[in-house]
There are 2 protein chains.
Amino acid sequence: MELSERKIKILQAVIRNYLETGEPVGSRTISKYTDLNLSSATIRNEMSDLEEMGYIIQPHTSAGRIPTDKGYRLYVDNMMSEKIAELDEREKALTEREDILIEKVDKVETLLKNMAKMLATDTNYAAMVTTPKHKGSKIKFIQISALGENQLLCVVVSEGNLISNKIIEVEGIDNEELLKLNMLINTNLAGLTLEEINLALIQKMAKAAGENATLVDEVINAVTDAIKVNDDLEIYTSGATNIFKYPELSDTERASGFLSAFEEKNSLANLINEEDSDTGIQVYIGNETPIQNMKDCSVVTATYELDDGIKGTIGVIGPRRMDYEKVVETLRVVKKQLADSFRKKDD
Amino acid sequence: MELSERKIKILQAVIRNYLETGEPVGSRTISKYTDLNLSSATIRNEMSDLEEMGYIIQPHTSAGRIPTDKGYRLYVDNMMSEKIAELDEREKALTEREDILIEKVDKVETLLKNMAKMLATDTNYAAMVTTPKHKGSKIKFIQISALGENQLLCVVVSEGNLISNKIIEVEGIDNEELLKLNMLINTNLAGLTLEEINLALIQKMAKAAGENATLVDEVINAVTDAIKVNDDLEIYTSGATNIFKYPELSDTERASGFLSAFEEKNSLANLINEEDSDTGIQVYIGNETPIQNMKDCSVVTATYELDDGIKGTIGVIGPRRMDYEKVVETLRVVKKQLADSFRKKDD
DNA sequence: GTTAGCACTCAAACAACTCGAGTGCTAATA
DNA sequence: TATTAGCACTCGAGTTGTTTGAGTGCTAAC
């Protein structure tokens, strides 16, 4: 069977209506809702066809129709973007709010947390934001300083100005040694990635350090440890309880499952998908989602990218009948802003 | 009316039984449950009395009794600690597990997160852990280093070895100046609390810095900013979804309310109570809890204290019919362990 | 091809009924 | 006087039956 122009319009109407109400949509509603000027009977025939083609389904015999995953997919892929004007305005408003957000915050962690929160309040769905992941990020600068008698503070700054630190215990060290150590460490390690610190290099440095060889060893360990922390993927979430705004997700079992998955950050990591579409935005509908407990949800993720291949993910998770247009647009904006804001910090 | 020995035993039996089952407890059950060797009829009379006194209540006419807040309160205050032997063992097991936990982790944040998670899995309730709050914590050491052309990295270590850092933009500075600056900053600020950095001191330092006065200003700002971050109270939570294990909290409305409150860390801050009982453990039962949305829950909090008056809070939130004994004991252990683990880090 | 009309279906809401756990009271008992 | 057996009574929970109305599919007319 062919998907006629008219069928498309009807499908669109069914979906739009269902997105709003969450109730199965009947033929009479469509007959009034659209400008097709068709009677409910005609609509019924068309809907019957659409059901046969797998785009909509009846929850039970005497009910209206609701979209299937296939229906949503068609909608998302082909029928969405129309209200451009409205979105432009939205984008402006969002951008402004975020600018404020970013100005006020100088800790990456706080920035991302706020971003997640804003995303959640803005969309009324659950939101997640991951830290930008530095794949093989380079060491920029290392500073070792004495901290009391037997402790050294080791600060590592890596590309993107991510700072990490570690305290190591040592047996007394005087200032001159410290200076040498700093020099040695910096000249040898700056510019390298974690992977490039190999045994040969470590031995070379130990040799150069002479009697302080063991110390160098410890410091190198501290440095790699410290940098590893930055490689840790953190996921910030917000708005989990928004799901209670959608009755179809609010029953105890579903809610419990969803919230468990959402609390367990590990499972959220499954949503991170590097092979992106050209727009960098991915939409998973219902059963397409990689997380078992979210089969009744839809997930939209976007990858934000800093200059140098450093990537992070932002995502919104809501009911199948999520306002895809709004979510996609919001993510597009946030994605851009996030990238910009990091670039700003790097200057 | 007098609370006879027998009434106490019956009340205790009612509570114990209710804690386990969550179902109203009938007279016949008690008659078998206890070693009082009384018929259900007698128990009925006693229970009727207990109800009149306000310790238990009937949800409806033909149901068994459940404890009131007053009943729980009596139980918690006077009738609890009995199974000491068992707990000793528990303590050992817990302690071991935590030791492992602590060894493997060197980032405070991760430690606390893990702690919360453990607390939650262990008790099957929701758990929270706050960062230790450094009231007027002293600056221990400041290190300023050049980071590229126009940036300075400013690392502040404060008491308890909490490290914070900030990057500041400057107009070129050479090494010698930097050395002087470090000296100046350290001699003047080390040992002070945030409050002690006043205008007079700043002016004095600016004067000493001569042409670098504005720079000193900026650095001081960075230092205070950096230290403020540590003063921020972070609250880590875990196990929110455990509430779905208790049917009386699982209906949509209650769950939604609870989870919202739990997600909103601000509201959890209300649970932090500095005026502690002698044990440092606080029990809030039902309506006693300071958080509106948790009226159907009970909350047990404990304050852990590091050597120097630095305090944090850990807490467990569950249904009214929570296993108070177990929770109090667990908190007692974790409290101790947490304090120890920080002390270890400080050496 | 479209539409009006009508019989049919089925979930949701409501009412009626049953069942049983548990009570309170009374009268008998130790 | 305290305890207990016995019994009538209460009421929530679960079950069944009924009603209602939204919505369908089909047919015949336009």
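Hydrogens, waters and symmetry mates play no part in the numbers below; they use all other heavy atoms, side chains included. To find a chain, count down the sequence lines: A is the first, B the second, and so on, and within it residues start at 1.
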So does I57(A) have more than 12 non-hydrogen atoms from other groups sitting under 6.0 Å from CD1? no

Check this for me: N37(B), atom CG, are more than 12 non-hydrogen atoms of other residues, nucleotides or ligands nearer than 6.0 Å? no

Just the rounded figure in Å: distance from C1' of dG23(D) to NE2 of H60(A). 8 Å

For R28(B), is the CZ atom crowded, meaning more than 12 foreign heavy atoms sit under 6.0 Å from it? no

Between dG1(C) (P) and K7(A) (NZ): distance, integer Å: 11 Å

Using atom CD1 of I43(A) as one end and atom P of dT3(C) as the other, report the distance to the nearest whole Å. 9 Å

Indicate whether OP1 or OP2 belonging to dT3(C) is found under 4.0 Å from a side-chain N or O atom of S39(A). yes

Atom of L119(B), atom of M128(B) and distance for their closest heavy-atom approach: CD2-O, 4.5 Å

Can you give me the N/O atom pairs linking the protein to nucleotides 24-30 of chain D at distances under 3.5 Å, or say none if there are none?
unit_1  : atom_1 : unit_2 : atom_2 : d
dT24(D) : OP1    : S27(A) : N      : 3.3
dT24(D) : OP2    : S27(A) : N      : 3.2
dT24(D) : OP2    : S27(A) : OG     : 2.6
dG25(D) : OP1    : R65(A) : NH2    : 3.1
dG25(D) : N7     : R44(A) : NE     : 2.9
dG25(D) : O6     : R44(A) : NH2    : 3.1

L36(A) has an atom CG; how far is it from atom P of dT2(C), in whole Å? 11 Å

What pair of heavy atoms forms the shortest contact from G64(B) to P59(B), and how long is it? O-CD, 3.3 Å

Residues R16(B) and Y75(B): side-chain donor-acceptor under 3.5 angstrom: yes

